[in-house]
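Inspection log for the structure reproduced underneath, given as structure tokens.
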There are 2 protein chains.
Amino acid sequence: MSEGIDGEGATQGPPRETGQGAGWYDADDERRFLADYDPNAFAPAAVTVDVVALTIRAGLPRVLLGRRARQPQRGRWALPGGFVRARAGSAGPADPDLPDAALRVLTEKTPLPAEIHLEQLGTYGAIDRDPRMRVISVAYMVLAPDLPDPHSGRDTAEAAWVPWTALGHGEGAGTEHELAFDHARILGDAVERARSKLEYTALATAFLPPAFTITALRGVYEAVWGHTLHAANFHRKILATPGFVEDTGELAERGGAGGGRRARLYRAGGAALLHPPLLRGSP
Amino acid sequence: MSEGIDGEGATQGPPRETGQGAGWYDADDERRFLADYDPNAFAPAAVTVDVVALTIRAGLPRVLLGRRARQPQRGRWALPGGFVRARAGSAGPADPDLPDAALRVLTEKTPLPAEIHLEQLGTYGAIDRDPRMRVISVAYMVLAPDLPDPHSGRDTAEAAWVPWTALGHGEGAGTEHELAFDHARILGDAVERARSKLEYTALATAFLPPAFTITALRGVYEAVWGHTLHAANFHRKILATPGFVEDTGELAERGGAGGGRRARLYRAGGAALLHPPLLRGSP
DNA sequence: TCAAAAGTGTTTTAATTACACCCATGG
DNA sequence: CCATGGGTGTAATTAAAACACTTTTGA
């Protein structure tokens, strides 16, 4: 990990030769080295996590945002985020790994269900992305079913599930919904990732409750991709894809608002990847 | 970016209210805030980059590794890596962005051609991944054509393009080629990413020189995927995929070793994504 | 002239699409 | 009993896989 094979600052003092020349791995020598090591001899950097939590509510794809109550970028909408706890301190225990940090900052905003899809999106570290200092931010994407309204949290004036279509990924400068820092870019990357992963993975079920209808599943695709799909062919294709969904044997409560047959309920199947994939370019 | 909307340590002192209540964005207030800001009030973390540079040489897929000349993990093979330069200092100027840091540590090992594919793989930050301290490492993947032998560099006893099949991604514990830290996991993630991206992107050409034959392109797929492909159908499919390759009008120097027709030379086309994709499951 | 590699034709098979139609339910 | 949404049948289209075959070159 870490400094790998080279890297300035990666070693302290001259190399400790132990008579083996080119140097094969020696566990005793390593133990002596670590006993002498000073962890504060390195140039520090601030590391944060930002979470793009996506859901679908009322047919619209939405992202969890909070309006910043403090400087910098006070008043702007921003992704939930926070510093990674590198070690235990007054604020609490250390985050064992980066996903723990992501879930920690997210649960400050909203309760989470037992099953949640969390994946790393990417890391953003441009030198000018935060006006205060060099900050390197690891972004995560969360896909969740429709959740209760969020609470605002300590540094947030308000928090809400905002339709991402209102944000104009990357553009939207000067609008009411302009995002703080480079969060518009991070959101744009998350949306593109989600759109693309619906094609070749079974991820769409992460947006739904444990039991759902094929029509609800189609609603996920239509909301995320932004266009309608052929209902009959979609239905058949889902059922023909091994492991995508499993029949629960139950039926949904009622048909559509103005009548209609009651739909069968399915649960997510075991498959992670779809063979064959669903392609986006279909009507 | 950075601390997003919440995050402990994200603010210093009480919020500065300016009489606007819920707080809309105010550029003047932000300017005053930044003038007072102390960048050293944060818990630091070490941030590094590690680079998985992949190529194909003599029909084998290979990764650039160096043998560590210093503790910790002295004698083990490791990925090229180094600390991100958060700000300018005695070691040199700051890295403007993370990809700059990745290219910097890579050019310490090998000269690079003009065109190079660099993409971020992911960030690794488990609390125990480095025995010295909490280190968060941003991993990059580079795909390169066959390059000259690498130079060893300051902290490296030797450097080489090692066939990744000899490394057993993630396993290989106790073998001569066991990797340092969590580099086996990072390499495994890179290999899986490369295998998967060959399916639906035109990335295979990144492993080849500017002009190449369809057979050489097939060799890339066969090396990375680890099985042979049907030559005739592969040929046709490549040419049928719009924008994958363009005919140069030239022919390769000679046919195969023991005779054979001279192959046409192609260059990479403009397309980034393949429609339709090439699927891995084909003989 | 023979073997090796490049490249084309053609048949078989499977997946996708489009459109027609039946089923179940609420008003 | 009819509008609405769920669900199935089936033919037309298109892409993939398998296999046979021609072309070009080096030894």
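Naming convention: chains lettered A, B, ... in sequence-line order (proteins, then strands); numbering from 1 in each chain.
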Is there any protein nitrogen or oxygen under 3.5 Å from a nitrogen or oxygen in nucleotides 10-15 of chain C, and what are the pairs?
| residue | atom | partner | partner atom | Å |
| --- | --- | --- | --- | --- |
| C:dT10 | O4 | B:Arg236 | NH1 | 3.4 |

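- The CD atom of B:Glu253 sits 16 Å away from the C1' atom of D:dT24 (whole-angstrom rounding).
- Taking atom NE2 on A:His275 and atom P on D:dA16, their separation rounds to 15 Å, with Å as the unit.
- Regarding A:Arg264, its CZ atom lies at a distance of 12 Å from the C1' atom of C:dA24, rounded to whole Å.
- Taking atom CG of residue A:Leu229 and atom P of nucleotide C:dA18, one finds them 12 Å apart after rounding to whole Å.
- DNA chain D is contacted by A:Thr215, A:Arg218 of residues 213-223 of chain A, taking any non-hydrogen atom closer than 4.0 Å.
- Applying the side-chain contact (heavy atoms from CB on, under 4.5 Å) rule to B:Pro242 yields no partners; only residues at least two apart in sequence or on another chain are considered.
- Distance, A:His230 NE2 to D:dG5 C1': 13 Å, rounded to whole Å.
- A salt bridge links A:Arg193 to A:Glu119: at least one charged side-chain nitrogen sits closer than 4.0 Å to a carboxylate oxygen.
- In this structure, A:Thr55 and A:Ala144 approach most closely via the heavy-atom pair OG1-O, 2.8 Å.
- On a pure distance criterion of 3.5 Å, no polar donor-acceptor pair joins the side chain of B:Arg262 and the base of D:dT25.
- With sequence neighbours excluded, the residues forming a side-chain contact (heavy atoms from CB on, under 4.5 Å) with B:Arg267 are B:Glu246, B:Thr248, listed by chain and number.
- Residue B:His235 has a polar side-chain atom (N or O) positioned under 4.0 Å from OP1 or OP2 of C:dG7.
- Applying the side chain to side chain donor-acceptor pair (under 3.5 Å) test to residues at least two apart or on different chains, none of the pairs has a partner in residues 201-214 of chain B.
- B:Arg261 has its CZ atom 14 Å from the P atom of C:dA5, to the nearest Å.
- Partners of B:Pro111 under the side-chain contact (heavy atoms from CB on, under 4.5 Å) rule, at least two apart in sequence or in another chain, are B:Pro148, B:His151.
- Legend: residues meeting salt bridge (Lys or Arg N to Asp or Glu O under 4.0 Å) with A:Glu192, ordered by chain and number and at least two apart, are A:Arg280.
- In this structure, A:Ile238 atom CD1 and D:dT8 atom P are separated by 14 Å, rounded to whole Å.
- Here A:Leu239 pairs with A:Ile214, A:His235, A:Val245, A:Tyr266 under the side-chain contact (heavy atoms from CB on, under 4.5 Å) rule; sequence neighbours left out.
- In the set D:dG6, C:dT8, C:dC19, the nucleotide with an atom closest to the side chain of B:Ala232 is C:dT8.
- In this entry the distance linking CZ of B:Phe234 with C1' of D:dA18 reads 17 Å, nearest Å.
- Not counting sequence neighbours, the partners of B:Glu222 by the salt bridge (Lys or Arg N to Asp or Glu O under 4.0 Å) test are B:Arg218.
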